[in-house]
Amino acid sequence: MNPWECSGSSPPRERGHSSSAAGPFSLASGIRFLEGFSPASYHHAADGILRLAFPTDDNTSVVAATVRQEVRADGGTGAVRAEFTVHPGTPHPAKAATAEAAAEQAVRAQLARTLSLDVDATGFPGLAADPVVAGLMTDHPGLRPVCFHSPYEAATWAIIGNRIRMTQAAAIKAHIAHQHGHRIHIAGRTLHAFPTPAALRTVTHVPGLTGIKIQRLHALAEAALDGTLDATHLRALPADHALARLRTLPGIGPFSAELILIRGAGHPDVFPRHEPRVHKAVATAYGLGAPTTDDDVTQLAKIADRWKPYRSWVAFLLRVRAGDTSQPGPVCHGSPPPS
């Protein structure tokens with residue numbers, strides 16, 4: 001599902017497109033989430049505009065984008081409008097019109113996926129029959145998962161953040177973007193996109209990262225370039241198959257594989273079986289004891305079956321409620337729990 005129509009032509013000309021979200025969506029709620037989500041290193045200007053800079057899914061270019069949402073007279077939310085410019089990573093010949101249109105379509109799809117606007121959420125309010133989910137919707141109206149820009153970025157975050165504090169990992173990721181990514185001016189602000197896979201595999205030293213982590217980042221860059229981390233393909237696979245595929249990558253265990261599929265590829269309907277903080281949040285919300293065994297997690301997964309086809313979304317809202325985004329613990333999002 002692509003909710004946006006676009007007008008515009010060849011790079012680096014700015015394109016614009018607008019849409020009405022299928023189901024509840026609040027950009028303001030998404031921005032508030034990003035402000036507390038350390039991996040994003042997001043600093044919000046008080047103008048209601050979301051500014052983004054990121055490598056494209058085809059790994060060849062960098063996108064600078066702004067996203068706005070209309071606010072109706074009654075205070076409700078209206079159409080979403082995005083404007084973006086594609087900056088080629090390396091000089092290349094002018095594209096034919098058909099190739100250009102396909103590239104624009106791919107960027108629109110990537111933006112929609114990042115904001116979970118590629119998912120038809122008209123059925124989501126129906127989950128409010130569950131009082132726990134109803135409370136989440138009341139507490140966080142219109143909040144959809146805000147994803148990493150790609151499985152590639154989610155995977156690199158998992159490696160960077162392995163067994164270090166979230167704030168330290170965020171600082172390292174920001175340093176990599178500043179030193180090796182594109183510097184882009186957008187809507188009065190300067191952003192640094194995370195480096196493309198081709199750029200990342202040339203990085204040989206990063207303060208705070210071990211040699212093995214840099215080797216693993218190089219391996220992930222190669223995986224992005226060979227299509228292993230393609231979001232559309234990962235979403236099309238049965239979830240168990242996609243997770244197994246991701247676990248073959250260096251440094252990616254069960255926890256990180258779920259992160260990549262759910263928050264990188266934007267899969268809306270996967271219950272994270274390896275994220276203890278979500279398990280604790282589910283148990284607390286439903287008045288259960290602290291989960292300590294695989295059988296306990298299986299019980300929680302059965303509860304999560306009530307949330308289909310939005311299991312990822314409800315798990316996300318439960319974690320937001322638990323305050324994990326604003327109060328990072330000793331191990332960062334993306335790393336496995338300490339043994």
Side-chain angles (χ1 to χ4, degrees), residues 1-21 25-35 37 39-70 77-89 95 100-119 143-154 157 173-174 177-178 181-197 199 231-232 263-266:
M1 174 185 176
N2 191 331
W4 287 328
E5 294 300 327
C6 171
S7 61
S9 58
S10 61
R13 181 176 173 181
E14 186 175 71
R15 290 87 156 168
H17 53 284
S18 36
S19 74
S20 296
F25 173 74
S26 168
L27 180 65
S29 292
I31 291 173
R32 284 194 294 272
F33 166 77
L34 283 176
E35 289 174 330
F37 185 53
S41 298
Y42 190 78
H43 305 288
H44 173 49
D47 55 11
I49 301 173
L50 176 63
R51 296 165 174 83
L52 301 170
F54 54 89
T56 54
D57 276 339
D58 68 5
N59 304 310
T60 63
S61 306
V62 174
V63 174
T66 60
V67 185
R68 300 169 171 86
Q69 185 172 29
E70 296 175 0
T77 54
V80 181
R81 178 167 181 81
E83 297 175 341
F84 65 87
T85 303
V86 180
H87 301 267
K95 293 181 179 179
E100 201 172 277
E104 291 179 11
Q105 175 71 12
V107 172
R108 294 197 298 272
Q110 188 172 1
L111 272 169
R113 188 184 71 233
T114 299
L115 298 175
S116 293
L117 284 170
D118 61 332
V119 177
L143 177 60
R144 300 190 187 194
V146 183
C147 299
F148 289 86
H149 302 118
S150 64
Y152 158 67
E153 282 204 50
W157 170 253
K173 181 175 181 284
H178 277 72
H182 275 64
R183 184 171 183 260
I184 295 174
H185 298 285
I186 180 168
R189 292 294 182 99
T190 300
L191 278 67
H192 293 82
F194 195 74
T196 62
T232 301
R263 298 291 301 285

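All figures in this text were calculated on a predicted structure; none of them were measured in a lab. Hydrogens, waters and symmetry mates are skipped; everything else that's a heavy atom, side chains included, is used.
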>> Could you work out, with side chain to side chain donor-acceptor pair (under 3.5 Å) as the rule, every residue matching Arg144, not counting sequence neighbours?
In response: none
>> Using the ring-ring contact (aromatic ring centres under 6.0 Å, His included) criterion, which residues pair with His185? Sequence neighbours excluded.
In response: none
> Under the 3.5 angstrom rule, does the side chain of Thr77 hit a backbone N or O of Phe25 as a donor-acceptor pair?
Replying inline: yes
> Any Lys/Arg nitrogen of Arg81 or Glu83 sitting under 4.0 Å from an Asp/Glu carboxylate oxygen of the other?
Replying inline: yes
>> Going by the rule side chain to side chain contact (heavy atoms under 4.5 Å, CB included), which residues pair with Ala53 if we only count those two or more places apart in sequence or in a different chain?
In response: Ile184, Leu191, Ala193
>> Determine whether Leu115 and Val67 satisfy the following criterion, side chain to side chain contact (heavy atoms under 4.5 Å, CB included), listing intermediate values before the conclusion.
In response: CA-CA 10 Å; Leu115 298 175; Val67 185; 4.1 Å; yes
> Who pairs with Ala199 by side chain to side chain contact (heavy atoms under 4.5 Å, CB included), at least two apart in sequence or on another chain?
Replying inline: Pro195, Thr196
> Do the side chain of Thr56 and the main chain of Ser61 share a donor and acceptor less than 3.5 angstrom apart?
Replying inline: yes
>> side chain to side chain contact (heavy atoms under 4.5 Å, CB included) for Val86 and Val107? Distances and angles first, verdict last.
In response: CA-CA 8 Å; Val86 180; Val107 172; 4.0 Å; yes
>> Between His87 and Val63, is there a side-chain heavy-atom distance shorter than 4.5 Å?
In response: no
> Distance from Leu117 atom CG to Leu111 atom CG, nearest 0.5 Å?
Replying inline: 9.5 Å
>> Ignoring hydrogens, what is the shortest heavy-atom contact between Cys147 and Gly266? Give both atom names and the distance.
In response: SG-CA, 3.8 Å
> Is any side-chain heavy atom of Arg263 less than 4.5 Å from a side-chain heavy atom of Trp157?
Replying inline: no
> Which is it for Glu153 and Lys173 under the side chain to side chain contact (heavy atoms under 4.5 Å, CB included) test, yes or no, and what are the steps along the way?
Replying inline: CA-CA 10 Å; Glu153 282 204 50; Lys173 181 175 181 284; 3.8 Å; yes
> Looking at Asp47 and Arg68, does any basic side-chain N land under 4.0 Å from a carboxylate oxygen?
Replying inline: no
> Is there a donor-acceptor pair closer than 3.5 Å between any side-chain N or O of Arg51 and the backbone N or O of Ala187?
Replying inline: yes
>> If you apply the rule side chain to side chain contact (heavy atoms under 4.5 Å, CB included), what do you find for Leu50 with Thr66, and how did you get there?
In response: CA-CA 5 Å; Leu50 176 63; Thr66 60; over 6 Å; no
> So how far is it from Asp57 CG to Thr232 OG1, rounded to the nearest 0.5 Å?
Replying inline: 7.0 Å
>> Tell me which pairs pass side chain to side chain donor-acceptor pair (under 3.5 Å) where either residue lies in residues 25-34, with sequence neighbours left out.
In response: Ser26-Ser29, Ser29-Arg32
> Atom OG of Ser150 and atom CG of Asn59: how far apart are they, to the nearest 0.5 Å?
Replying inline: 7.5 Å
> Taking atom CD1 of Ile31 and atom CD1 of Ile49, what is their separation to the nearest 0.5 Å?
Replying inline: 8.5 Å
>> Applying ring-ring contact (aromatic ring centres under 6.0 Å, His included), can you list everything that pairs with Phe54, at least two apart in sequence or on another chain?
In response: His149
> Is the backbone N or O of Pro55 less than 3.5 Å from a side-chain atom of Gln110, with the two atoms forming a donor-acceptor pair by type?
Replying inline: yes
> Can you name the closest pair of heavy atoms from Gly264 and Ala154 and give their distance?
Replying inline: CA-CB, 3.7 Å
